[in-house]
Each structure stands twice: as C-alpha cells, then as structure tokens.
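Quick note: residue numbers are just sequence positions, from 1.
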Amino acid sequence: MGFRESLEEVCGVEGAVAASVMGFDGIAVDTVMPAKTDVDLEALLVEYAGILGQVKQAAEVLQTGKVSELSIGTDRITTLLRPINPEYFLLLAMRPEGNFGKGRYLLRVTAPKLQNEF
C-alpha cells in the first residue's frame with residue numbers, strides 16, 4: 001500500500017479534514033484533504049512540522065526518549081502527529097468533534113507500515 005492509499009484510509013475517521021506524510025523540513029510528500037475547512041491547512045502543516053521538530057529536539061536534549069505522538073487541539077482543528085522515522089511524520093487534522101481515539105489508533109498502526117515506503 002502506498003502513501004495515498006494509507007492517507008485515504010486514515011481519512012476514513014469521522015471528522016478528518018486532512019492527512020499528510022511530511023518531512024520535518026515542512027515539505028509534504030503526499031496529502032489527502034477529503035473535507036473542506038476554512039483553516040489554511042497548507043500553512044498549518046508547515047507550522048506544525050516546525051513544532052514537532054522542536055518537541056523532538058527538546059526530548060533529545062532532555063534525554064526523555066523519542067517522541068511517539070503529539071496532539072494539538074484548538075477550537076477549530078485537532079491535529080495529531082506521529083513520527084514515521086527520523087526524517088518523516090504522519091499528520092491527521094480533524095474537526096474537534098471527530099473521533100480522536102480512532103484517529104490516534106489509525107496513526108499508530110499506519111506509521112510503521114509507511115516505514116517500508118521510504
């Protein structure tokens with residue numbers, strides 16, 4: 001299964017507005033946006049890549065271990081981020097009323113599958 005198919009599967013969760021495989025440099029490898037939103041998702045993806053990179057770096061400096069997941073909840077979008085490998089991560093943006101638990105589960109099982117694609 002390739003990136004697109006995996007992202008479409010992740011977007012099957014209720015409330016999903018976007019899923020993406022991204023580099024920590026903020027460049028998207030592939031993105032699926034099944035729902036409309038008034039949030040600038042492209043800017044969100046780039047900015048959140050930077051935040052995840054900073055959290056990853058802080059965890060390394062503090063020697064707390066590798067970051068396994070990051071969630072950012074706002075009034076309009078809840079975003080889940082899960083590293084795939086040291087260079088790429090998987091992102092799911094959802095409406096706040098979406099199924100957050102299922103989204104976390106789908107990222108947890110999908111990220112290891114995507115390691116083989118690199």
Side-chain angles (χ1 to χ4, degrees):
M1 185 181 305
F3 293 130
R4 173 111 348 216
E5 295 83 9
S6 294
L7 293 174
E8 288 171 350
E9 187 175 302
V10 168
C11 282
V13 66
E14 179 185 335
V17 293
S20 186
V21 173
M22 295 194 67
F24 282 97
D25 58 3
I27 298 173
V29 174
D30 199 358
T31 302
V32 172
M33 294 184 188
K36 300 280 186 194
T37 181
D38 57 348
V39 174
D40 183 354
L41 289 174
E42 292 175 9
L44 180 137
L45 296 174
V46 172
E47 293 299 326
Y48 283 5
I51 291 170
L52 181 57
Q54 290 175 354
V55 170
K56 181 180 156 188
Q57 183 178 14
E60 290 170 2
V61 168
L62 297 170
Q63 299 177 353
T64 59
K66 293 182 180 180
V67 174
S68 60
E69 179 180 83
L70 177 66
S71 63
I72 302 170
T74 66
D75 291 340
R76 296 170 40 204
I77 294 286
T78 297
T79 307
L80 308 170
L81 304 103
R82 179 169 281 274
I84 298 170
N85 62 32
E87 298 170 6
Y88 296 94
F89 66 93
L90 183 58
L91 176 145
L92 173 62
M94 308 173 64
R95 290 185 182 87
E97 67 273 5
N99 191 337
F100 182 74
K102 186 174 181 182
R104 287 185 65 214
Y105 169 78
L106 287 172
L107 291 187
R108 184 173 55 83
V109 299
T110 304
K113 294 176 189 176
L114 292 176
Q115 286 177 343
N116 299 329
E117 298 294 323
F118 289 99

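The minimum heavy-atom distance between Ala19 and Cys11, with the atom names listed, is CB-SG, 3.5 Å. Here the closest heavy-atom approach between residue Met33 and residue Ala18 is recorded as CG-CB, 3.9 Å. Annotation for Met94 and Gly98: closest pair CE-C, 3.7 Å, computed over non-hydrogen atoms. In terms of heavy atoms, Pro34 sits closest to Ala16 at CG-O, 4.0 Å.
One N or O on the side chain of Lys56 and one on the backbone of Pro86 form a donor-acceptor pair closer than 3.5 Å. In this structure, the side chain of Gln115 engages the main chain of Ile84 through a donor-acceptor pair within 3.5 Å. In this structure, the side chain of Ser20 does not engage the main chain of Ala28 through any donor-acceptor pair within 3.5 Å. Under a 3.5 Å cut-off, the side chain of Arg82 and the backbone N or O of Ser68 do form a donor-acceptor pair.
Evaluated for a side chain to side chain contact (heavy atoms under 4.5 Å, CB included) with Val10, the options Val32, Leu107, Val21, Val109 yield exactly one hit, Leu107.
Val46 and Leu44 fall into different hydrophobic clusters, where Ile, Leu, Val, Met, Phe, Trp and Tyr residues are linked whenever their side-chain heavy atoms come under 4.5 Å apart, directly or through other members. Note on Leu106 and Val29: same hydrophobic cluster, where clusters join Ile, Leu, Val, Met, Phe, Trp and Tyr whose side-chain heavy atoms are under 4.5 Å apart, directly or indirectly. Under the 4.5 Å side-chain heavy-atom criterion for ILVMFWY residues, a single connected hydrophobic cluster contains both Leu45 and Val55. Phe89 and Tyr105 fall into different hydrophobic clusters, defined by Ile, Leu, Val, Met, Phe, Trp and Tyr side-chain heavy atoms under 4.5 Å apart, directly or through other members.
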*Yes or no on ring-ring contact (aromatic ring centres under 6.0 Å, His included) for Phe118 and Phe3, after CA distance, side-chain angles and deciding distance?*
CA-CA 10 Å; Phe118 289 99; Phe3 293 130; 5.2 Å; yes
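A salt bridge links Arg104 and Glu69; the closest N-O separation between the charged side-chain nitrogens and carboxylate oxygens is under 4.0 Å.
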